[in-house]
> 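The structure that follows is given in the form of structure tokens.
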Amino acid sequence: MTARERVAGNVAGYVDDRTGAAKYLKKSLSKVFPDHWSFLLGEICLYSFIILLASGTFLTFWFDPSMKEVVYDGEYAPLQGVEMSAAYASALDISFEVRGGLLMRQIHHWAALIFMVGIVVHLLRVYFTGAFRKPREFNWIIGVGLLTLGIVEGFLGYSLPDDLLSGTGVRIAEAIMQAIPVVGSYLSYFAFGGAFPGEMFIPRIYTVHVLLLPGIFLALITVHLMLVWYQKHTQFPGPGRTEKNVVGYPLMPVYMAKAGGFFFIVFGVTAFLGAVASINPIWLYGPYTPGQVSAGSQPDWYMGWLDGLVRMAPPLETHAFGYTISWNILIPGLILPGIMFTLLALYPFIESWATGDKREHHLLDRPRNAPNRTALGAMALTFTLVSLINGGNDIIATTFDLTINQMMWFARIGVFVLPPIAFIVTKRICLSLQRADRELVLHGRETGRLVRLPHGEFVEIHEPISPEKAWTLTSHEQLAPLELPEFDQAGVRRPAAIKNKIRNRISRAMAVAVPKATETERKELEGHH
Ligand code: HEM
């Protein structure tokens with residue numbers, strides 16, 4: 001034993017005598033996790049969150065969350081002598097005078113963008129593979145909470161510097177608050193401590209941004225990861241993988257090394273972007289004054305769809321009992337996002353209701369084998385994408401020489417027409433892929449080798465696929481549709497007849513599939529070859 005090993009052993013023994021950690025650690029470190037590249041997406045969220053905490057802490061040392069009026073007297077000459085809030089002035093100082101400050105600001109901003117991309121792509125992987133099914137519904141709901149908080153946290157973050165762009169965003173938030181019937185104007189006065197913009201807003205959102213929300217994030221992420229640990233990770237179907245086992249590698253040393261390396265890759269990419277790619281150059285926008293809006297104002301991408309929905313709303317207003325209800329803001333700004341996030345959170349329960357499948361699932365679905373779910377996802381994505389495109393309607397119009405009206409009508413029509421088309425096309429593609437799988441199992445792989453038979457006919461040689469591959473393509477189950485009774489034994493309509501009829505219809509649509517190749521069919525064809 002070398003001296004170094006002896007010292008390490010002594011320290012470990014000392015800690016174990018006092019905490020009894022060795023037994024627990026031994027068990028935990030050998031815990032097995034399955035392997036697939038898409039399982040790294042959750043890790044990207046985790047690592048960019050850590051980068052956000054570290055870079056954000058650096059920024060708090062110099063940022064002054066105050067709306068006190070000051071006259072700028074710093075390094076950036078074009079703004080010298082301009083009146084601005086202390087918050088904006090301190091953000092300029094971080095950018096131009098604090099050593100490494102601009103790099104940290106840019107790393108923080110890029111990390112926020114990557115964090116949100118990570119969350120959305122991770123959510124899509126969980127959705128399209130059916131990883132949200134029993135027993136992981138709670139973790140799905142926690143995830144939807146994290147997504148919502150991420151959007152709010154990002155919005156508050158880029159509102160802090162009090163530049164012209166961020167002030168414009170806060171003004172939109174005020175409009176959305178005011179659109180709530182009856183209590184809206186009270187709520188806005190409460191949030192801003194009086195009339196907009198007032199002097200309270202930046203200090204208040206600062207506390208929420210650096211203390212309250214990060215605290216909630218930490219708590220939710222901890223519970224999220226504990227649940228992944230406790231419920232075990234799902235795995236893709238394959239030989240030897242069942243609903244009862246986990247095939248993969250141990251945490252120590254394989255995943256410790258992978259995770260450590262991956263953290264540094266995420267950190268490296270973020271730092272590289274922070275170093276070379278300018279993001280949110282607030283000095284170009286100038287300080288916020290409520291009377292100005294700069295052309296081409298854009299929110300960060302994860303807010304863009306919401307902005308796009310508001311931009312495409314027709315000017316609908318109702319005046320009743322001395323109140324004005326601005327439907328043009330209330331519907332796209334609050335009601336629609338409310339419905340979208342509620343449906344998203346409830347999706348695991350809606351699906352299990354529709355299919356009648358209440359069992360546990362630890363093996364993932366290949367997206368093609370759940371055509372309706374995949375098509376629904378494509379439909380929701382298309383809706384969000386059209387809204388997001390409309391969030392940049394002014395920039396797109398000037399770039400491609402279009403009018404803002406053309407963009408708006410594209411969005412207004414597209415948001416209704418394109419999602420159903422996406423649904424139909426995706427479902428067809430899934431069913432075609434199922435058919436292709438069936439062909440592959442029954443007739444083997446096309447080799448591209450043509451052979452001429454003695455009587456002159458040309459045929460292509462097919463090679464049988466490996467038994468492992470055949471297993472992977474056929475191991476999924478194909479659910480039979482529900483057949484809930486509409487009449488009782490005496491032939492009388494049941495009280496739940498209508499509900500049962502609707503469920504039967506939906507579950508029939510959910511069960512549409514190309515029958516997978518069976519062992520008997522395979523054997524039969526083998527005889528023919
Ligand atoms: C701060 C944001 C988040 C962090 C740090 C995070 C982290 C993670 C990690 C590290 C894993 C295990 C690796 C993996 O499957 O990718 C995981 C799994 C999971 N996450 Fe997240 N996640 C976040 C947001 C979300 C969101 C938005 C959803 C969905 C709405 C979600 C739902 C799930 C589910 C259901 C699992 C279990 C997946 C399985 O076992 O296959 N998470 N998460």
Side-chain angles (χ1 to χ4, degrees), residues 31-53 56 111-154 157 213-238 241 243 245-249 251 254-256 258-260 262-263 266 302 340-352 360-367 370 373 377 380-381 384:
K31 192 178 170 76
V32 166
F33 283 88
D35 210 20
H36 191 266
W37 66 266
S38 67
F39 302 161
L40 292 180
L41 295 167
E43 286 184 44
I44 295 186
C45 307
L46 187 62
Y47 303 147
S48 38
F49 182 67
I50 294 171
I51 299 169
L52 281 168
L53 287 184
L113 296 176
I114 293 174
F115 180 60
M116 293 308 297
V117 175
I119 291 186
V120 171
V121 183
H122 170 58
L123 180 153
L124 294 178
R125 150 7 229 159
V126 168
Y127 175 83
F128 284 113
T129 57
F132 55 77
R133 289 171 298 171
K134 188 179 173 188
R136 296 182 179 77
E137 303 98 322
F138 283 166
N139 233 6
W140 170 265
I141 293 179
I142 292 175
V144 175
L146 285 167
L147 168 71
T148 319
L149 285 184
I151 294 175
V152 176
E153 177 74 344
L213 288 186
I216 299 178
F217 264 113
L218 271 177
L220 287 182
I221 291 176
T222 309
V223 178
H224 193 69
L225 297 183
M226 279 167 62
L227 277 174
V228 173
W229 185 278
Y230 172 72
Q231 295 175 332
K232 303 195 180 60
H233 204 283
T234 52
Q235 56 189 344
F236 276 97
R241 299 178 188 175
E243 291 284 2
N245 69 5
V246 179
V247 179
Y249 299 103
L251 187 63
V254 179
Y255 282 105
M256 285 291 194
K258 275 196 172 188
F262 198 49
F263 171 79
V266 174
Y302 46 85
M340 284 162 73
F341 278 78
T342 310
L343 283 180
L344 187 67
L346 295 183
Y347 185 78
F349 307 100
I350 298 174
E351 190 183 291
S352 82
E360 290 205 354
H361 290 278
H362 302 285
L363 282 177
L364 294 168
D365 277 331
R366 297 170 77 219
R373 180 199 299 145
L381 266 183
T384 319

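One-based numbering, in listed order, for ligands and for the atoms of each.
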> At less than 4.0 angstrom from any non-hydrogen atom of Leu46, what atoms of ligand 1 do you find?
5 (C)

> Ignoring hydrogens, what is the shortest heavy-atom contact between Pro214 and Leu53? Give both atom names and the distance.
CB-CD2, 4.4 Å

> What atoms in ligand 1 come closer than 4.0 Å to a heavy atom of Val144?
30 (C)

> Nearest protein heavy-atom contact for atom 4 (C) of ligand 1: which residue, which atom, what distance?
Cys45 CB, 3.6 Å

> Contact between ligand 1 and Arg125 is defined here as a heavy atom of the residue under 4.0 Å from a ligand atom; is it met?
yes

> To check your reading of the model: name the closest protein heavy atom to atom 34 (C) of ligand 1, its residue, and the distance in Å.
Val126 CG2, 3.9 Å

> Quick check: of its N, O or S atoms, which one does His224 have closest to atom 21 (Fe) of ligand 1?
NE2

> With heavy atoms only and a cut-off of under 4.0 Å, state how Tyr127 meets ligand 1: side chain, backbone, both or neither.
neither

> Identify the heavy atoms of Ser48 and Ala111 that sit nearest to each other, and give their distance.
CB-O, 3.8 Å

> Looking only at protein heavy atoms, which one is nearest to atom 37 (C) of ligand 1, and how far off is it?
Arg136 CD, 4.0 Å

> Decide whether the shortest distance between a heavy atom of Trp140 and an atom of ligand 1 is less than 4.0 Å.
yes

> Tell me whether the centres of the aromatic rings in Tyr255 and Phe39 are closer together than 6.0 Å.
no

> Look only at interatomic distance and state if Phe39 has a nitrogen or oxygen under 3.5 Å from any nitrogen or oxygen of ligand 1.
yes

> How close do Ile141 and Phe349 get, counting heavy atoms only, and between which atoms?
CD1-CE1, 3.6 Å

> Minimum heavy-atom separation for Ile119 and Leu146, please, with both atom names.
CD1-O, 4.2 Å

> Mind checking whether Ile50 and Phe263 have side chains closer than 4.5 Å, heavy atoms only?
yes

> Quickly, which of His362, Glu360, His233 forms a side-chain hydrogen bond (donor to acceptor under 3.5 Å, both in side chains) with Arg136? Name it, please.
His362

> Would you call the rings of Phe132 and Tyr347 parallel, tilted or perpendicular, where under 30° means parallel and over 60° means perpendicular?
perpendicular

> Return the minimal non-hydrogen interatomic distance between Phe262 and Glu43, and the atom names on each side.
CD2-OE1, 3.9 Å

> Mind checking whether Gly42 has an N or O less than 3.5 Å away from an N or O of ligand 1?
yes

> Looking at His122, which of its N, O or S atoms is the nearest one to atom 21 (Fe) of ligand 1?
NE2

> Heavy-atom contacts with Ala131 under 4.0 Å: which atoms of ligand 1 show up? List them by number with element.
41 (O)

> What atoms of ligand 1 come closer than 4.0 angstrom to any heavy atom of Leu225?
7 (C), 8 (C), 9 (C), 10 (C)

> Counting heavy atoms only, which of Ser48, Gly143, Pro34 is nearest atom 26 (C) of ligand 1?
Gly143

> Where on Leu344 is there a heavy atom closer than 4.0 Å to ligand 1, on the side chain, on the backbone, on both, or on neither?
neither

> Under a 4.0 Å heavy-atom limit, does Thr234 contact ligand 1 with its side chain, its backbone, both, or neither?
both

> Just go through Phe115, Phe49, Phe33 and tell me whose heavy atom is the nearest to atom 1 (C) of ligand 1.
Phe115

> Taking all non-hydrogen atoms of both residues into account, name the closest pair between Gly118 and Cys45 and its distance.
C-SG, 3.4 Å

> For the residue pair Phe115 and Phe217, does the interplanar ring angle fall in the parallel (under 30°), tilted (30 to 60°) or perpendicular (over 60°) class?
perpendicular

> Classify the contact between Ile221 and ligand 1 as side chain, backbone, both or neither, using a heavy-atom distance cut-off of under 4.0 Å.
side chain

> Should we say atom NZ of Lys232 is surrounded by more than 12 heavy atoms from elsewhere, each under 6.0 Å from it?
no

